[in-house]
Structure formats: structure tokens, C-alpha cells
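It should be emphasised that the depicted structure is a prediction, and the values quoted were computed from it without experimental measurement. Below, chains carry the letters A, B, ... as their sequence lines are ordered, and counting in each starts from 1.
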Amino acid sequence: MLEVISVRWIKFVNVVLKDERVVKVTFSDNPFYENIQSNTAKSLKQDLERYFSGEKVDFSSYGVNLSELSDFVRVVLNEVRSIPYGSIITYKELAESLNTSPRAIGQALKRNPTPVIIPCHRVVAKNGLGGFSAGIEIKRELLRLEGLKL
DNA sequence: CTGCGAGTCAAAC
DNA sequence: GTTTGACTCGCAG
């Protein structure tokens with residue numbers, strides 16, 4: 001069962017669900033054709049709309065499908081999911097808590113298929129912003145939504 | 001301030 | 001095997 005959510009923001013944010021688990025999040029200039037059936041998808045759409053209008057929303061209760069990723073990436077992304085709304089951590093700090101290196105963390109984050117749901121934008125460089133697979137301006141705006149500025 | 005080299009480690013080639 | 005980063009640190013100019 002495949003479902004699609006598309007909500008308007010500075011760009012359209014498109015979320016693809018498979019069997020009520022998030023498999024992919026993308027950003028685009030035009031909306032995706034929606035297909036919303038399950039209660040999970042309905043509730044997620046509402047949560048996304050609330051989040052992008054500036055409300056504090058926690059996505060950690062939604063299921064995510066990470067089966068195509070390596071073990072290392074899964075471990076990193078799981079750790080990232082525990083970062084609370086409105087707070088940030090550096091690549092270095094994440095690396096230290098997982099006994100690896102900042103660059104390896106960056107590699108793993110780049111492979112995050114579901115930005116926002118897995119809040120990889122809350123991981124920043126020690127001095128500055130770091131990068132973002134969907135574009136650095138998206139990351140900056142996500143942080144601003146959560147009341148942070150860099 | 002800016003630039004460069006080295007350390008680091010998973011992924012990609 | 002070698003190269004390449006969503007990084008960081010230290011040390012020159």
C-alpha cells in the first residue's frame with residue numbers, strides 16, 4: 001500500500017509512505033499527486049501542516065523504513081531521531097557519542113532518505129551550518145522554524 | 001581574518 | 001587497493 005502526502009511550504013514537501021511507514025521525503029517546486037487513505041497518513045499530513053506553520057511537533061512516533069541502508073547509517077539516523085525539537089548537536093558531538101568521526105557522520109546523514117521525519121537538520125557543523133542533501137537553504141529554514149538561527 | 005595539511009572513517013570507485 | 005566527503009584541529013601567513 002503506497003500513499004503520498006504533499007504539503008505546501010517554501011517548497012512542496014512530499015512524503016511517501018509504504019504500508020504506513022515513511023520511506024522517502026522530497027522537496028519540489030510542484031506538488032505531488034496525493035494519495036491519502038490510512039489514518040496514519042491523515043494524521044501525518046496534519047502534523048506536517050502544523051509543523052510547517054511553526055508549531056512544535058514531534059515526528060518520532062511515525063515508523064520509518066530504513067531497510068535499504070547500511071547498519072552504520074541506521075545507527076546514526078536512530079541517534080538523530082532522539083534529538084528533541086528546537087535543539088541542535090554538532091557532527092563532532094554525534095561522532096563522539098558513537099565512537100566514530102565527524103566525516104563519517106556527514107556521510108551517513110547525507111543518505112537520510114527522510115529529512116524532517118528524521119531531523120538531520122538538527123546536526124550542524126561546529127562553526128557554521130554544515131550541509132544538507134536537499135539544499136542548505138532548506139536546512140536554514142527548518143532551523144528557523146524551530147526558533148534557531150545560525 | 002584566510003589558507004593549508006593532517007587526522008579521521010564509512011562509502012564509493 | 002585509492003579517493004572522497006553535509007568535519008575538525010592546528011599552525012602558519
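The side chain of A/R111 places no N or O atom within less than 4.0 Å of a non-bridging phosphate oxygen (OP1 or OP2) of C/dA6.
Relative orientation of the A/F132 and A/H121 rings is perpendicular, given thresholds of 30° and 60° on the angle between their planes. Ring-plane geometry between A/W9 and A/F27 is classed as tilted, the angle between the planes lying from 30 to 60 degrees on a 0 to 90 degree scale.
Between the C1' atom of B/dA10 and the CD1 atom of A/I105 lies a distance of 10 Å, rounded to the nearest Å. Following rounding to the nearest Å, A/L69 (CG) and B/dA11 (C1') show an atom-to-atom distance of 12 Å. Atom CD1 in A/I136 sits roughly 11 Å away from atom P in C/dA6 (whole-Å rounding). The distance from atom NZ of A/K126 to atom P of B/dG7 is 19 Å, rounded to the nearest whole Å. The nearest whole Å value for the distance from the CG atom in A/D71 to the C1' atom in B/dA11 is 14 Å. Distance CD (A/Q107) to P (B/dC9): 13 Å, rounded to an integer number of Å. Summarising the geometry, the separation between CG on A/N112 and C1' on B/dA11 is reported as 16 Å, rounded to the nearest angstrom. Look at NZ on A/K110: it is 4 Å from P on C/dA6, rounded to the nearest Å.
A/E79 places no side-chain N or O within donor-acceptor distance of the main-chain N or O of A/L98, the cut-off being under 3.5 Å. At distances below 3.5 Å, at least one donor-acceptor pair connects side-chain atoms of A/E93 with backbone N or O atoms of A/T90. Side chain of A/E34 to backbone of A/S6: a donor-acceptor contact under 3.5 angstrom is found. A/R140 contributes no side-chain N or O that, together with a main-chain N or O of A/L129, makes up a donor-acceptor pair within less than 3.5 Å.
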In dot-bracket form, 5' to 3', how is DNA chain B paired? Count Watson-Crick and G-U wobble pairs only if both distances fall under 3.5 Å, and write | where the partner sits on another strand. |||||||.|||||

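When each of A/V13, A/I10, A/V57 is checked for a side chain to side chain contact (heavy atoms under 4.5 Å, CB included) with A/F52, only A/V13 meets the rule.
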Check: residues 70-77 of chain A side-chain donor-acceptor pairs under 3.5 Å, at least two apart:
{"residue": "A/S70", "atom": "OG", "partner": "A/V73", "partner atom": "N", "Å": "3.3"}
{"residue": "A/D71", "atom": "OD1", "partner": "A/R74", "partner atom": "NH2", "Å": "2.5"}
{"residue": "A/R74", "atom": "NH1", "partner": "A/L66", "partner atom": "O", "Å": "3.2"}
{"residue": "A/R74", "atom": "NH1", "partner": "A/L69", "partner atom": "O", "Å": "2.9"}

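A/S133 comes within 4.0 angstrom of a nucleotide base, judged by non-hydrogen atoms across all strands.
Contacts of residues 87-101 of chain A with DNA chain B (heavy atom under 4.0 Å): A/T100, A/S101.
Residues A/N65 and A/V22 fail the side-chain proximity criterion, which asks for heavy atoms closer than 4.5 Å.
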